[in-house]
There are 2 protein chains.
Amino acid sequence: MALAEAILVCLTDRPMSGYDLAKTFDASIGFFWRASHQQVYRELARLRDKDLVESREIEQSGRPNRIIHTITKAGEDVVHAWSLKPCRMPSVKDELLVKLYALDNVDIPVLHEQLDIRLDQHRAKLTAYLRIKEKFYDGKKLTRAQKGKLIALTMGISNEREMVGALGKAITMLGEINE
Amino acid sequence: MALAEAILVCLTDRPMSGYDLAKTFDASIGFFWRASHQQVYRELARLRDKDLVESREIEQSGRPNRIIHTITKAGEDVVHAWSLKPCRMPSVKDELLVKLYALDNVDIPVLHEQLDIRLDQHRAKLTAYLRIKEKFYDGKKLTRAQKGKLIALTMGISNEREMVGALGKAITMLGEINE
DNA sequence: AACCTATATGCACATAATTGCATAATAAAA
DNA sequence: TTTTATTATGCAATTATGTGCATATAGGTT
């Protein structure tokens with residue numbers, strides 16, 4: 001249910017359209033909570049029904065009107081209440097690890113490729129995170145809100161770096177099996 | 001959809017009851033793909049409908065009869081076909097990181113506690129994984145299937161170790177904000 | 001005596017997520 | 001000239017996941 005809260009959190013920063021939010025979920029906050037644009041629009045409708053956001057339409061010509069969503073007082077209260085509730089452990093669901101676990105029932109050269117692909121994906125993420133850190137955080141005077149985002153980003157970086165290392169090791173171990 | 005495949009993979013090892021599978025999902029394969037016993041029973045019914053497993057009942061007295069599920073040839077084919085399909089990136093959804101991201105809208109002492117709790121959870125996981133590695137893999141002669149499980153476990157260990165380190169660092173960074 | 005754990009199965013309801021579809025205009029690139 | 005990307009919204013159907021409930025017995029603990 002924390003998609004609602006993630007959206008509300010974004011709106012505490014500034015009022016946004018569904019489109020803006022969807023983009024935000026493809027970048028910044030999406031590093032920690034992934035959601036598609038369809039999910040965002042659906043959740044926005046629910047938030048509006050519960051009066052946690054207020055929506056007003058901005059006329060545009062040539063394309064659909066923008067609908068700008070603003071968090072309400074009730075919405076802010078929901079965010080605060082959520083911040084007090086314990087966090088769940090993110091549920092582990094990784095097909096790649098299941099395939100390693102099931103090594104005897106799996107095509108090993110294909111698995112090798114899949115590990116390489118995953119390694120590239122984590123390398124790409126790491127590069128993206130490092131670029132953001134350098135561009136927006138390094139050597140800058142930061143507000144408290146920015147410091148929070150930096151802590152989250154730092155965890156992301158550490159995570160991706162570890163995955164790159166661990167996948168490299170896994171690929172080596174897998175290679176040694178066939179010798 | 002890989003719950004179906006995860007179950008089938010377990011059944012390639014040996015025929016099992018739903019209860020056995022549920023226990024397996026609380027331990028070994030559950031480290032990489034989490035599922036509750038309700039999910040397992042429901043998925044087993046679906047696998048039976050598709051003739052990917054064969055189920056036979058074993059009479060017992062005093063408690064419900066055991067239903068032993070055996071993977072069929074069609075089931076093995078499904079596992080093999082699955083092994084050739086590309087793996088998805090596990091979808092990131094971590095409330096704790098969202099709370100850090102939203103630092104300005106969050107109760108900081110409570111967040112501090114939540115980070116401590118998460119740190120303990122990862123420490124506990126790390127300890128459990130290390131114990132399993134020591135007990136079942138270290139200094140033993142391993143089959144290929146076991147080597148696969150060891151690679152997956154090694155990645156799990158590396159992951160947990162990194163999380164413990166990163167959370168420690170995050171807690172320090174959070175502490176420095178309030179100074 | 002009351003409670004907890006293990007064994008063993010599963011339904012029903014609710015919430016969440018994915019996938020495909022649908023619309024509609026502009027501007028730039030191939 | 002056709003295709004693709006960008007802006008902008010959203011529904012419908014399906015699949016997946018989570019939560020609570022329900023049953024039933026044996027054996028050990030407080």
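Worth knowing before you read on, the calculation uses all heavy atoms, side chains too, and leaves out hydrogens, waters and symmetry mates. All chains are named by letter (A, B, ...) in the order of the sequence lines, taking the proteins before the strands, and each is independently numbered beginning at 1.
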* On DNA chain C, nearest-nucleotide positions of B:Lys23 versus B:His37: which is more 5'? -> B:Lys23
* Check DNA chain D against residues 8-20 of chain A and give the residues with a non-hydrogen atom under 4.0 Å, in numerical order. => A:Ser17, A:Gly18, A:Tyr19
* Structure fact -> Ranking C:dT19, C:dG10, C:dT9 by distance to the side chain of A:Gln38, first place goes to C:dT19
* Structure fact -> Winner on side-chain proximity to B:Tyr41, out of D:dT17, C:dA17, C:dT9, is C:dT9
* Asked: Excluding sequence neighbours, so at least two apart, what forms salt bridge (charged side-chain N to carboxylate O under 4.0 Å, His left out) with A:Asp116?
  -> none
* B:Lys93 vs B:Arg42, nearer the 5' end of DNA chain C by closest nucleotide -> B:Arg42
* Salt-bridge criterion met for B:Glu43 and B:Arg46 (N-O under 4.0 Å) -> yes
* Do the charged groups of B:Asp94 and B:Arg118 touch, with an N to O distance under 4.0 Å? -> yes
* Side chain of A:Gln146, backbone of A:Thr143: donor and acceptor closer than 3.5 Å? -> yes
* Does the salt bridge (charged side-chain N to carboxylate O under 4.0 Å, His left out) test come out yes or no for B:Arg66 and B:Asp20, once each step is laid out? -> CA-CA 10 Å; B:Arg66 283 171 69 80; B:Asp20 294 333; 2.8 Å; yes
* **Options C:dA8, C:dT18, C:dA16, nucleotide nearest the side-chain atoms of A:Arg46** => C:dA16
* Given C:dA8, D:dT7, D:dG10, the nucleotide with the shortest approach to the side chain of B:Arg66 -> C:dA8
